[in-house]
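Down below is the structure, laid out as structure tokens.
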Amino acid sequence: MTTDPKTPLDPKPPLDPSQLHPLPAGQTLEQAIEEDDDRPFEPTEGTPSTPTLGALWQKRISRRDALRGFGKTSLALSLSTSAFALAACDTSQASSFNFIEIEHGVDETHHVAPDHKAKILIRWGDPLFADSPAFDPENQSAAAQLKQFGYNNDYVGFTPLPLKNPNSDRALLCVNHEYTTDRLMHPGLATAKDPRAAYTKEIAEISMAAHGGSIVEIARTNGEWETVSDSPYNRRISTLATQMTIDGPASGHPRLQTSADPSGTKVTGTLNNCAGGMTPWGTYLMSEENFHMYFSGNVEGHPEERNYKRLGLPRGIYPWGAFDKRFHIEQEPNEANRFGWIVEVDPYDPTSTPVKHTALGRFKHEGCETNLTGDGHVVVYSGDDQRFEHLYKFISSKKVHPTNRAENMNLLSEGTLYTARFNEDGTGEWVPLVYGTGELTEKNGFSSQADVMIECRYAADLVGATQLDRPEDVQPNIKTGKVYVALTNNKNRPDSEIDGPNPRGPNLWGQIVELTYANNDAASTEFTWDLVVTCGDPNDEAVKADWHASTSPNGWFACPDNLAVDPKGRLWVATDQGHAWSQKSGTADGIWSLETDGELRGLARMFFRVPVGAEMCGPCFSPSGEALFVAVQHPGSDGTGGWKPFARASTYDDPATRWPDFEPKTPPRPSLVVISRDGGGQVG
Ligand code: FEO
Ligand code: CA
Ligand code: CA
């Protein structure tokens, strides 16, 4: 059992909290992020296309509709296409999914397909160790939080115990804790006259302790999975206290050196761990996403001005810089270069030191799912989740060793990082980001591969990477070799700047792109692409959605985020509409099945729904497909003003829901849920 030793914060505040970048009046953290100004620098080659190219794309999609029997079920088109759509759907192909669909809606609790059951597995504050204090929200401490399940569970990974036995009744769940919703965690904080002043060092420490990840053993008895609350494998990884090392091309570089770490090779903690991935050798990858939110200070004239501005740094939404100088960019100019990476953790060794791999680039990593090339190199996909950002893939220099796990631990230390360029004709290329080639030289301020990895976004701009509508999870289907990319939305894309994979502007609803390689080999630097669905309401002509014509009124969704492929090779989609859910779909977020093959391609069905204010994260299947683990993130938080029965901002003292406990004094708690089929068998 491991809780990392607590590192006390610098006792001398380097700056008055009131000097930090404040949240605009009345704005929540989620709204502030949504409003971030997030245009990349100068448009570069291969970036927003002209209307002419957009028109080309329209031609292409029309051809695809005709070939595949897609129905544009908008009112205006329904007369002209419905007969065609019916004919196209008059098919004997049976759905590969088997569950009773649930309805769109919003209320204070979760809902699952009625032929399935959903059980709460573990909640924020639940014990992970024999000596963990009981959850006591009115008497929190960082020390207690370091021994309890963290806040805002996001990615969920499953790995069997032992690794080589997928049928084992024991397993480890690897769970990210992306961020804290402080106003729902602490009594009185949201209603204080000056919430900024009410934000104390203790609250900052609790928040840092609640960030990161948890590794928790689960055991199956009579088909039911439960957590093992005192397993020697259980571990908390946090921003506050977990020591990590840095490897790859930027390790030790002067731009990563700080007063606490003149070597530039060691860092305390990880930040904003959104989605993630598991490697073929059973390690847990944690993405660092919106790390800009935690840093404060003045960037004008800063030595890292270009780099930090390109990342929206410093955003100062969490006033940690008032209590710990490493989160203040004037006090510790390089600390922010030590975040924005992918972290690898060995869940089988609770004493192991997590590693930040700089060979995979520094940006706002949504996730990091893996696959293998035909000849055994590991591939890691990652989206950079911001409007107009890019898509990346890493291929290791060395091959995965079939038996030597220790050797595989170094695979992510060395390789080639590529960014994606999409062409209008349905083809695309992966362009390598290699120092000394093309634009990636001294003339643009790059002196080494370390510089290219530290300023990965800028490097991708220079090679003409396509600007996408917020790339979220990138999910390879290991059965087919195809890759699915969730582009969640982009309200800032003008109609004049639509292009192939970004067909609408403004785009409030998102789309799912499918990449296909020749011979299904991920080693290829060329691919073809197609849209599986263009999301939003198919009955609203203005939305220009594109679904299979048989999609029910509950089957469509908006803002795809996390993706999962189950053991049968079927795709599942989790959504995150944010605070504006009521304008996007009017339903709470959830999980939908989505057909990708044959005549039913583009047909989705609603399987699970989260309580009001929550976002759907996780989805993760057990190797048998008989259990589905899902993460309900920030229940009672987002857009509660748009929910008529509540219609106001949600706080600790006055929450929109008290899910999942529904106890009068217990705040809503982000929790993992395990779903199984009534009577057993394959989920979905
Ligand atoms: Fe952490 Fe892209 O959501
Ligand atoms: Ca998310
Ligand atoms: Ca995924």
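Atoms within each ligand, like the ligands themselves, are counted from 1 in listed order. Given the structure is predicted, the values throughout are model-derived calculations rather than measurements.
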How are the rings of Y294 and W320 set relative to one another: parallel (under 30°), tilted (30 to 60°) or perpendicular (over 60°)?
tilted

Taking 2.8 Å as the upper limit, name the protein N, O or S atoms near atom 2 (Fe) of ligand 1.
E289 OE2, E366 OE1, D385 OD2, E472 OE1

How are the rings of W572 and F621 set to each other: parallel, tilted or perpendicular (split at 30° and 60°)?
tilted

Closer than 3.0 Å to the Ca ion (ligand 3): does that hold for any N, O or S atom in Q475?
yes

Does G277 put an N, O or S atom under 3.0 Å from the Ca ion (ligand 3)?
no

Strictly under 2.8 Å, is atom 1 (Fe) of ligand 1 approached by any N, O or S atom of E178?
yes

Which value, rounded to 10°, describes the OD2(D473)-the Ca ion (ligand 3)-O(L563) angle?
90°

Going by ring-ring contact (aromatic ring centres under 6.0 Å, His included), name the residues that satisfy it together with F158, two or more places apart in sequence or in a different chain.
W225, F629

Can a donor-acceptor pair be found, under 3.5 Å and without considering hydrogens, that links the side chain of R235 to the backbone of P347?
no

Between W592 and F97, is the gap from one ring center to the other below 6.0 Å?
no

In terms of relative ring orientation, are F327 and F295 parallel, tilted or perpendicular, with 30° and 60° separating the classes?
tilted

So, H365 versus W341, ring centres under 6.0 angstrom or not?
no

Parallel, tilted or perpendicular: which fits the ring planes of F99 and F607, with parallel below 30° and perpendicular above 60°?
perpendicular

For N/O/S atoms only: which one belongs to E369 and is nearest the Ca ion (ligand 3)?
OE2

